[in-house]
Amino acid sequence: MRDTIRLTGVRARGHHGVFDHERADGQDFVVDVAVEVDARAASGTDDLDATVHYGVLAEQVVAEIERDPVDLIETLAERIATAVLTHRAALATEVTVHKPQAPITVPFTDVSIRIRRTRGGALPADRAEEEE
């Protein structure tokens, strides 16, 4: 059984997007991260090194948002997932990148991409459905 650490609503300003004004002006991005861990070692020893330090993780997410611009939120999500999986205790992650100020011409609340990655790469579609 896997346990989950969640960070919800991590917000930072980035300059991602395909339009010049997005790159120049920037906008807020909001990220949700779920990290699958086996928490038994950490809870059994009460040792922070046996889990994912969520404070450090939050800072890494902000750093990825504030880093050099990319065109797509898919690319941003992949960068964040890669950073999450650098943590030794992270078995898998689900990253959702929200772009609430996306340049869309109709009223909307949010645009987002959600990806799931494991240490071995993305789950095949049939396995991902089985795990939900």
Side-chain angles (χ1 to χ4, degrees):
M1 177 179 183
R2 292 188 176 168
D3 307 303
T4 305
I5 296 171
R6 291 190 187 278
L7 285 174
T8 305
V10 177
R11 181 179 302 270
R13 192 152 190 88
H15 293 264
H16 311 292
V18 296
F19 297 113
D20 290 340
H21 67 87
E22 293 179 289
R23 296 284 180 113
D25 302 335
Q27 59 192 294
D28 290 336
F29 291 84
V30 181
V31 175
D32 304 324
V33 178
V35 186
E36 289 184 14
V37 298
D38 184 342
R40 291 176 290 191
S43 64
T45 61
D46 203 30
D47 182 5
L48 182 59
D49 290 334
T51 189
V52 174
H53 187 309
Y54 50 78
V56 170
L57 182 60
E59 291 171 0
Q60 287 177 310
V61 170
V62 167
E64 292 300 333
I65 295 169
E66 293 177 343
R67 241 180 82 183
D68 54 301
V70 295
D71 288 344
L72 304 177
I73 59 174
E74 291 85 343
T75 306
L76 179 57
E78 191 70 40
R79 286 196 329 197
I80 294 168
T82 298
V84 172
L85 292 175
T86 64
H87 292 264
R88 186 182 42 183
L91 303 172
T93 187
E94 183 176 283
V95 174
T96 304
V97 174
H98 303 268
K99 188 175 180 180
Q101 299 159 337
I104 297 176
T105 60
V106 298
F108 75 103
T109 301
D110 190 25
V111 171
S112 66
I113 177 76
R114 180 178 66 173
I115 66 170
R116 178 174 166 72
R117 300 292 181 264
T118 63
R119 283 210 176 272
L123 287 176
D126 58 335
R127 291 246 351 261
E129 289 173 8
E130 290 171 8
E131 289 203 1
E132 290 182 358

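Side chains included, hydrogens not; waters and symmetry mates left out as well; all remaining heavy atoms used. Nothing fancy with the numbering, it's 1 onward along the sequence.
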Membership question, hydrophobic clusters at under 4.5 Å side-chain separation (ILVMFWY): are [Y] and [X] in the same one?
X     : Y      : answer
Val70 : Ile73  : yes
Val30 : Phe108 : no
Val52 : Val56  : no
Val31 : Val111 : yes
Val37 : Leu48  : no

Residues 75-90, side-chain donor-acceptor partners within the protein, below 3.5 Å, at least two apart:
unit_1 : atom_1 : unit_2 : atom_2 : d
Glu78  : OE1    : Arg117 : NE     : 3.0
Glu78  : OE1    : Arg117 : NH2    : 2.8
Glu78  : OE2    : Arg117 : NE     : 3.3
Arg79  : NH1    : Asp68  : O      : 3.2
Arg79  : NH2    : Glu64  : O      : 2.9
Arg79  : NH2    : Asp68  : O      : 3.2
Thr82  : OG1    : Glu78  : O      : 3.0
Thr86  : OG1    : Ala83  : O      : 2.6
His87  : NE2    : Gln60  : OE1    : 2.5
Arg88  : NH2    : Asp49  : O      : 2.7

Lys/Arg-Asp/Glu bridge criterion (N-O < 4.0 Å) met for Arg23, Asp71:
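Looking at Asp71 together with Arg23, the answer is yes, because their closest N to O distance falls below 4.0 Å.
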
Sub-4.5 Å side-chain heavy-atom contact between Leu57 and Val33:
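In short, these two side chains touch, coming nearer than 4.5 Å.
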
Asp20, CG: over 12 other non-hydrogen atoms inside 6.0 angstrom
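12 or below, so no.
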
Pairwise ring-ring contact (aromatic ring centres under 6.0 Å, His included) hits with a residue in residues 3-52, at least two apart:
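Found His16-Phe29, Phe19-His21.
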
Please set out all donor-acceptor pairs under 3.5 angstrom arising from side-chain atoms of residues 99-106, sequence neighbours excluded.
unit_1 : atom_1 : unit_2 : atom_2 : d
Lys99  : NZ     : Glu22  : OE2    : 2.6
Gln101 : OE1    : Asp28  : N      : 2.9

Taking atom [atom1] of [X] and atom [atom2] of [Y], what is their separation to the nearest 0.5 Å?
X     : Y     : atom1 : atom2 : answer
Thr96 : His98 : OG1   : NE2   : 5.0 Å
Glu94 : Asp32 : CD    : CG    : 9.0 Å
Thr93 : Ile5  : OG1   : CD1   : 10.0 Å
Arg67 : Ile65 : CZ    : CD1   : 12.0 Å

I need the minimum non-hydrogen distance between Ala50 and Ala41, along with the two atoms involved.
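Answer, listing the atom of Ala50 first, then Ala41: CB-C, 4.1 Å.
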
For Arg2 and Ala92, which heavy atoms make the closest approach, and how far apart are they?
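Heavy-atom minimum between the residues: NH1-CB, 4.1 Å.
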
Contacts of Asp110 that satisfy salt bridge (charged side-chain N to carboxylate O under 4.0 Å, His left out) - sequence neighbours left out
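Not a single residue meets the salt bridge (charged side-chain N to carboxylate O under 4.0 Å, His left out) criterion with Asp110.
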
Between His53 and Glu59, does the side-chain contact (heavy atoms from CB on, under 4.5 Å) criterion hold? Intermediate values first, please.
CA-CA 10 Å; His53 187 309; Glu59 291 171 0; over 6 Å; no

Residues two or more places apart in sequence or in another chain: which of them pass side-chain contact (heavy atoms from CB on, under 4.5 Å) with Ser43?
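Per chain and number, Ser43 pairs via side-chain contact (heavy atoms from CB on, under 4.5 Å) with no residue.
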
